[in-house]
Peer 1: 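Below is a structure I'd like to ask you about.
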Amino acid sequence: MSEPTKDQKIWQVVAAIPPGCVVSYGQVAAMAGLGRQARYIGRALGKLPAGHDIPWFRVIRSNGQIAFPQGSDAYETQVGRLKSEGVEVTNGRVQMRQFQWQP
DNA sequence: TTGGTGACTAATC
DNA sequence: GGATTAGCCACCA
């Protein structure tokens, strides 16, 4: 493993998100060097291995909404974890506390 | 190779 | 503020 795959790069970026902060898929894509490939982020998160330490719940849409339909399992999990970190979530909307990415 | 697909985004109504 | 449309681009069968 000399060259990390894009998926791993994404996971690394997501793992670098500090607690209490959230970022949009587009932001993660830019951080990982994927440009506008925001859709790939969701796919990479869906390929997360078991036992990971990736706070995927800190990744939301650009408009500050959860990427899942309200009432779904993943949705409630994400909201629960965000609230646990001090992030306010109301009506499927997240209080956008984006952080400055330091390359 | 081709075509279908998506945890997206921005613009428009 | 919510719903719809079109654009985008890498991955997978």
Side-chain angles (χ1 to χ4, degrees):
Chain A
M1 15 166 89
S2 358
E3 296 178 25
T5 65
K6 293 171 187 169
D7 296 347
Q8 298 203 330
K9 191 102 182 187
I10 292 168
W11 302 339
Q12 179 126 6
V13 171
V14 176
I17 303 173
C21 293
V22 292
V23 287
S24 65
Y25 288 91
Q27 190 101 32
V28 175
M31 292 172 182
L34 299 179
R36 315 166 181 150
Q37 195 55 317
R39 301 187 110 160
Y40 189 79
I41 308 302
R43 190 173 296 180
L45 295 180
K47 291 154 79 168
L48 277 171
H52 58 67
D53 288 358
I54 312 300
W56 59 268
F57 48 84
R58 288 183 195 142
V59 186
I60 58 177
R61 295 207 175 198
S62 61
N63 62 339
Q65 286 194 261
I66 304 292
F68 298 106
Q70 196 171 20
S72 104
D73 242 18
Y75 170 86
E76 304 221 344
T77 301
Q78 183 164 17
V79 173
R81 292 288 266 154
L82 287 174
K83 285 188 175 181
S84 179
E85 306 245 321
V87 181
E88 292 184 50
V89 183
T90 39
N91 241 342
R93 256 196 332 240
V94 178
Q95 189 71 0
M96 293 289 284
R97 280 177 181 246
Q98 301 192 345
F99 73 103
Q100 293 288 321
W101 175 252
Q102 304 141 70

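Model, not experiment: these values are computed from the prediction. The chains referred to below are lettered A, B, ... by the order of the sequence lines, with proteins before strands, and numbering in each begins at 1.
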Peer 1: Is A:W56 reaching over with its side chain to a backbone N or O of A:W11, donor-acceptor style, under 3.5 angstrom?
Peer 2: no
Peer 1: If I take atom CG in residue A:N63 and atom P in nucleotide B:dT9, what distance separates them, rounded to the nearest angstrom?
Peer 2: 7 Å
Peer 1: Starting from P on B:dC8, measure out to CD1 on A:I66 and report it in whole angstrom.
Peer 2: 12 Å
Peer 1: Send over the distance from A:D7 CG to C:dC11 P, rounded to a whole Å.
Peer 2: 8 Å
Peer 1: Return the value, rounded to whole Å, for the distance between atom CG of A:L34 and atom P of C:dC8.
Peer 2: 18 Å
Peer 1: Of the nucleotides C:dC8, C:dA10, B:dT9, which one has an atom closest to the side chain of A:K6?
Peer 2: C:dA10
Peer 1: Side chains of A:D7 and A:Y40: closer than 4.5 Å at any heavy-atom pair?
Peer 2: yes
Peer 1: Quick check on C:dC11: is either OP1 or OP2 less than 4.0 Å from any side-chain nitrogen or oxygen of A:R43?
Peer 2: no
Peer 1: Which of the following nucleotides, C:dA10, C:dC9, B:dA7, is nearest to the side chain of A:R36?
Peer 2: C:dC9
Peer 1: What's the CZ-C1' distance between A:R39 and C:dC12, to the nearest Å?
Peer 2: 15 Å
Peer 1: Rounding to an integer number of Å, can you tell me how far A:K9 NZ sits from C:dA10 P?
Peer 2: 16 Å
Peer 1: Ignoring the backbone of A:F68, work out which of C:dA10, B:dA7, C:dC8 is nearest its side chain.
Peer 2: B:dA7
Peer 1: Salt bridge between A:E85 and A:R58, side-chain N to carboxylate O under 4.0 Å?
Peer 2: yes
Peer 1: Taking the side chain of A:Q37 as heavy atoms from C-beta outward, which of B:dC8, C:dA10, C:dC11 is closest to it?
Peer 2: C:dA10
Peer 1: So which atom in A:I66 and which in A:Q78 form the shortest heavy-atom distance, rounded to 0.1 Å?
Peer 2: CG2-OE1, 3.2 Å
Peer 1: May I ask you to verify if any side-chain N or O of A:K47 is less than 4.0 angstrom from the OP1 or OP2 atom of C:dC11?
Peer 2: no
Peer 1: Restricting to non-hydrogen atoms, name the atom on A:A32 and the atom on A:K9 that form the minimum distance, rounded to 0.1 Å.
Peer 2: O-CG, 3.8 Å
Peer 1: Does a side-chain N or O of A:S62 approach OP1 or OP2 of B:dC8 to a distance below 4.0 Å, or not?
Peer 2: no
Peer 1: Nearest-Å distance, CD1 (A:I10) to P (B:dG6)?
Peer 2: 17 Å
Peer 1: Ignoring hydrogens and angles, are the base of B:dA7 and the side chain of A:Y25 linked by a donor-acceptor pair under 3.5 Å?
Peer 2: yes
